[in-house]
There are 2 protein chains.
Amino acid sequence: MLASLLRAVRPAPKFVMSEPKGPIVKSVVPGPESLALLNEYEGLTQDFRTVRFFADYQKSIGNYVADADGNMLLDAYTLNASLPIGYNHPSYLSFLDNANIRNHLIHRTACAVTPSSDWALKLKNTLLPLAPEGLTEVFMSCGCGIGATENAMKAASIWYYKNQYGVDYTPEQIKSTIEGKPPGIPDYAFLSLEGAYHGRSIGLLSVSSSSGLDKVDFPSFKWPKAPFPKEKYPIGNHSENKAQESQALEATRKVFQASKIPIVGLMVEPIQNEGTYYASPYYYQQLQVIAKEFKAALIVDETYSGVGATGKMWAHQHWGINPDILVFSKKAQVAGFFSKPEFRPPHPLMMMGTWCGDPLRLYQLQGVMNVITNDNLIANAESTGEYLLSGLSIIQGKRGKIANIRGVGLHLAFDMPDKKNAWGLCKKLLEKGVHVGVAKDNVIQLRPSLIFGREHADIFLNAVDASL
Amino acid sequence: MLASLLRAVRPAPKFVMSEPKGPIVKSVVPGPESLALLNEYEGLTQDFRTVRFFADYQKSIGNYVADADGNMLLDAYTLNASLPIGYNHPSYLSFLDNANIRNHLIHRTACAVTPSSDWALKLKNTLLPLAPEGLTEVFMSCGCGIGATENAMKAASIWYYKNQYGVDYTPEQIKSTIEGKPPGIPDYAFLSLEGAYHGRSIGLLSVSSSSGLDKVDFPSFKWPKAPFPKEKYPIGNHSENKAQESQALEATRKVFQASKIPIVGLMVEPIQNEGTYYASPYYYQQLQVIAKEFKAALIVDETYSGVGATGKMWAHQHWGINPDILVFSKKAQVAGFFSKPEFRPPHPLMMMGTWCGDPLRLYQLQGVMNVITNDNLIANAESTGEYLLSGLSIIQGKRGKIANIRGVGLHLAFDMPDKKNAWGLCKKLLEKGVHVGVAKDNVIQLRPSLIFGREHADIFLNAVDASL
């Protein structure tokens with residue numbers, strides 16, 4: 001219906017995938033089977049309260065997630081943005097169907113101590129070609145974004161103090177680390193932005209300020225936060241955005257100037273994941289200037305935004321900046337960071353971990369990248385993203401009620417008037433077999449896989465149109 | 001040779017495994033091929049300096065790790081204690097050879113949001129039967145010990161303050177968390193023991209004091225440490241050990257009494273992994289009494305010591321204590337913690353993570369536990385451990401030079417006079433095709449798999465005997 005109104009955008013690629021023609025809805029979600037499983041689950045674990053439904057990953061296909069009640073839901077939230085090429089992609093399944101898999105699987109190798117003979121080659125051929133220019137080194141974490149981002153912060157700290165007082169640590173420095181005190185552990189800070197979310201470890205919560213319930217009662221460093229510009233979207237249409245950005249940048253500079261302790265690193269998400277907020281390229285370029293001015297490392301956290309879904313391999317490439325360190329996880333299947341070579345610690349054993357990389361997950365990334373490249377999926381993300389934005393604008397014109405339509409590629413969001421309306425829309429969409437996320441009370445968020453095409457966009461847009 | 005002297009210990013189980021009869025040494029280790037690979041590796045990553053050799057995991061079998069130079073090394077260090085049943089165990093390989101694997105592999109499922117339909121059943125049947133009595137709940141971390149141990153600390157914090165001021169957080173509490181300040185984030189501490197190693201995230205380094213180079217320049221909480229008793233081994237033979245333990249316990253109590261801020265949790269390794277230090281059951285039982293007295297959670301970190309290698313499923317079971325929280329990772333393949341039910345957070349979303357558990361790794365644990373149970377490998381760990389201790393005592397009597405022989409099951413160690421001698425022995429053992437670890441400058445450490453049998457112990461003991 002709406003599709004007929006959208007002629008301006010480029011044609012979408014075709015996928016060979018045995019998806020259903022649209023969502024299949026047999027029950028409310030969560031349905032009776034999911035609720036029964038939830039009841040079972042409640043006795044075993046703390047996690048049960050965040051479960052939306054129980055999925056059947058064998059029956060899920062492409063953009064459709066099957067649930068325990070036989071529903072097939074169009075998935076625009078895809079495992080919290082960690083599913084790059086949809087469910088059970090046939091090319092990826094073929095790739096995984098070989099004898100190598102068992103070998104990759106049977107041992108969780110200690111890459112930091114006894115890596116496999118082909119490990120260096122694999123890093124060189126699979127991972128490092130994905131790094132932005134100048135970020136020629138990679139550090140692998142054990143398995144998820146926590147280790148990746150925390151180690152990025154550690155690398156930045158080592159680099160900062162290497163520049164300050166060299167690399168020959170005194171016995172006093174080493175000894176004082178036991179109690180966490182200077183001179184071994186100087187008092188310093190990382191600067192992050194209001195609204196940022198970098199993860200839930202104790203260190204990462206100290207640079208996150210997304211909500212409150214995820215931090216209450218946990219140990220935290222009392223590090224400063226700089227304001228993030230409150231923009232109206234689309235950015236180009238609002239003259240006051242420029243003023244917002246200038247104020248935020250000025251405040252950021254003031255935080256650096258006013259800090260009584262050094263700020264060794266500035267942490268930035270290219271798109272704030274909680275709420276899908278971003279600013280203009282100018283803003284990010286100026287952040288880089290400020291970081292450089294105060295000799296702080298610029299750490300770009302692409303845990304959510306990396307690997308193509310924004311229409312570029314890395315979302316920060318939309319802003320024309322060159323980070324010192326780039327963190328990846330989620331869609332990459334492996335986790336770690338790329339860095340400039342000067343971020344290599346001066347001594348061994350300063351940073352490591354038993355596993356430090358996972359050949360199995362790297363193998364998966366290889367399979368994922370094959371599909372992304374062969375099917376031209378980054379271009380698809382860009383094109384479908386534009387299509388979705390246009391479609392949402394048309395709906396806004398027709399129905400009102402939704403505001404601040406925004407997004408980069410397939411990382412999209414819009415605001416509902418309030419929490420009740422947001423969850424109401426979410427529920428109505430589920431009734432129509434469409435799965436989306438809700439953030440910051442009133443924000444509807446989309447995080448589909450890179451195979452989300454125009455036909456899926458149409459289903460989504462029609463469902464939103466009919467629900468409002 | 002030495003084996004003939006050791007008749008007192010129980011017979012070892014037999015394994016069907018096509019191992020070589022002994023180590024095969026074709027080159028020094030690292031050999032030319034490993035060195036060439038290291039050279040290649042150096043350009044790509046920071047991790048290259050901790051590499052001991054490059055391994056060929058397809059050719060590795062049982063207790064023998066193959067390296068890039070065609071050496072087959074008897075492995076008494078096994079991927080930093082994370083390989084439970086040796087390399088390419090045939091039963092485990094068969095277990096992994098089925099269609100389920102690809103399905104487990106292709107999606108890293110978001111267990112906290114949309115777990116698979118069989119997830120609850122899997123936790124119930126595979127993981128929870130391994131929990132010690134009373135620890136009826138499990139929290140799964142994303143992939144490694146960092147997430148597991150940090151979340152255990154978070155659970156302890158929530159529990160402590162739930163007991164203090166209830167669970168209805170005020171807007172002031174929530175708001176103040178953004179800056180990491182009271183009332184949302186009270187000032188408090190975790191108490192850990194001198195020499196402890198709990199991991200390398202920023203939060204975990206604050207409860208570790210194993211060396212110094214792994215902490216220098218990293219942010220750290222200034223939390224207290226209590227002394228760990230300096231024992232002579234075997235513990236039973238030295239009367240001054242009791243005094244050491246009493247002093248350490250008294251000092252621990254004093255840290256609690258003197259602390260100006262609450263201590264919400266006491267972190268304990270059943271065996272300190274760095275150096276393989278432990279005390280008597282009495283000591284650990286008293287630690288539990290002290291934790292209870294001061295209303296702190298007792299967190300037992302079994303990242304290294306768990307899953308059978310000490311001769312019990314969990315090493316703390318040697319000490320007759322009941323932790324509030326038990327952390328697992330490494331040999332378990334999955335990572336997380338078991339806890340008493342009162343450690344469940346009062347609200348959803350306080351603790352979670354995108355992945356929160358990994359069905360693939362849980363499936364691996366199932367395969368591992370099948371082998372451990374069928375082959376009676378925990379009894380093997382106990383029996384081979386006793387055999388190794390006896391053998392090392394005989395060598396000590398014959399050659400001197402080694403001291404403080406100690407261990408629980410296969411977690412064994414002894415002291416060399418100094419760093420030079422320790423690394424010298426390590427090198428000589430490698431020349432004879434035996435791979436061990438070195439810790440704390442002068443400690444030779446063993447962390448073999450649970451399939452390390454008497455025949456492997458003989459090879460190890462003869463190599464030590466000949467090297468001294």
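Here is the naming used below: chain letters follow the sequence lines, and residue numbers restart at 1 for every chain.
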Looking at side-chain heavy atoms only, is the closest gap between [X] and [Y] below 4.5 Å?
X        : Y        : answer
B:Leu360 : A:Leu360 : yes
A:Val51  : B:Val113 : no
B:Val167 : B:His347 : yes

Checking [X] against chain B: side chain, backbone, both or neither under 4.5 Å from a heavy atom?
X        : value
A:Phe221 : both
A:Leu349 : both
A:Pro346 : backbone
A:Lys225 : side chain
A:Gln333 : both
A:Leu127 : neither
A:Thr114 : both

Proximity breakdown for [X] and chain A, heavy-atom pairs closer than 4.5 Å:
X        : result
B:Asp118 : neither
B:Ile85  : neither
B:Leu38  : neither
B:Pro115 : both
B:Glu33  : neither

Ring center gap for B:Phe139 and B:Phe343 short of 6.0 angstrom:
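They do not qualify: ring centres at least 6.0 Å apart.
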Residues, nucleotides or ligands: over 12 heavy atoms within 6.0 Å of A:Lys122 NZ
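Correct, the count exceeds 12.
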Could you check whether atom NZ of A:Lys162 has more than 12 heavy atoms from other residues, nucleotides or ligands sitting under 6.0 Å from it?
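Counting other residues, nucleotides and ligands, NZ of A:Lys162 exceeds 12 neighbours.
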Option in [options] with maximal non-hydrogen atom pairs under 4.5 Å from chain B:
options                              : result
A:Phe190, A:Tyr169, A:Tyr57, A:Tyr92 : A:Tyr57
A:Gly145, A:Gly203, A:Ser82          : A:Ser82
A:Ser117, A:Ser220, A:Ser208         : A:Ser117
A:Ser116, A:Ala68, A:Gly184          : A:Ser116
A:Trp223, A:Tyr77, A:Phe218          : A:Phe218

State whether [X] and [Y] are salt-bridged, where the test is any N-O pair (Lys NZ or Arg NE/NH1/NH2 against Asp/Glu carboxylate O) under 4.0 Å.
X        : Y        : value
B:Asp214 : A:Lys154 : no
A:Lys222 : B:Asp187 : yes
A:Arg200 : B:Glu150 : no
A:Asp358 : B:Arg361 : yes

Determine the option with the most heavy-atom pairs under 4.5 angstrom with chain A, choosing from [options].
options                                : answer
B:Gly180, B:Gly147, B:Pro219           : B:Pro219
B:Gln173, B:Met153, B:Lys181, B:Lys124 : B:Lys124
B:Gly367, B:Ala120, B:Pro341           : B:Ala120

With B:Lys330 as the cation and B:Tyr304 as the aromatic partner, state whether NZ or CZ is under 6.0 Å from the six-membered ring centre and within 45° of the axis.
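The answer is yes, since B:Lys330 meets both limits relative to B:Tyr304.
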side-chain hydrogen bond (donor to acceptor under 3.5 Å, both in side chains), paired with B:Asp217, selected from A:Tyr160, A:Trp159, A:Tyr165
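Of all the options given, the one that passes is A:Tyr165.
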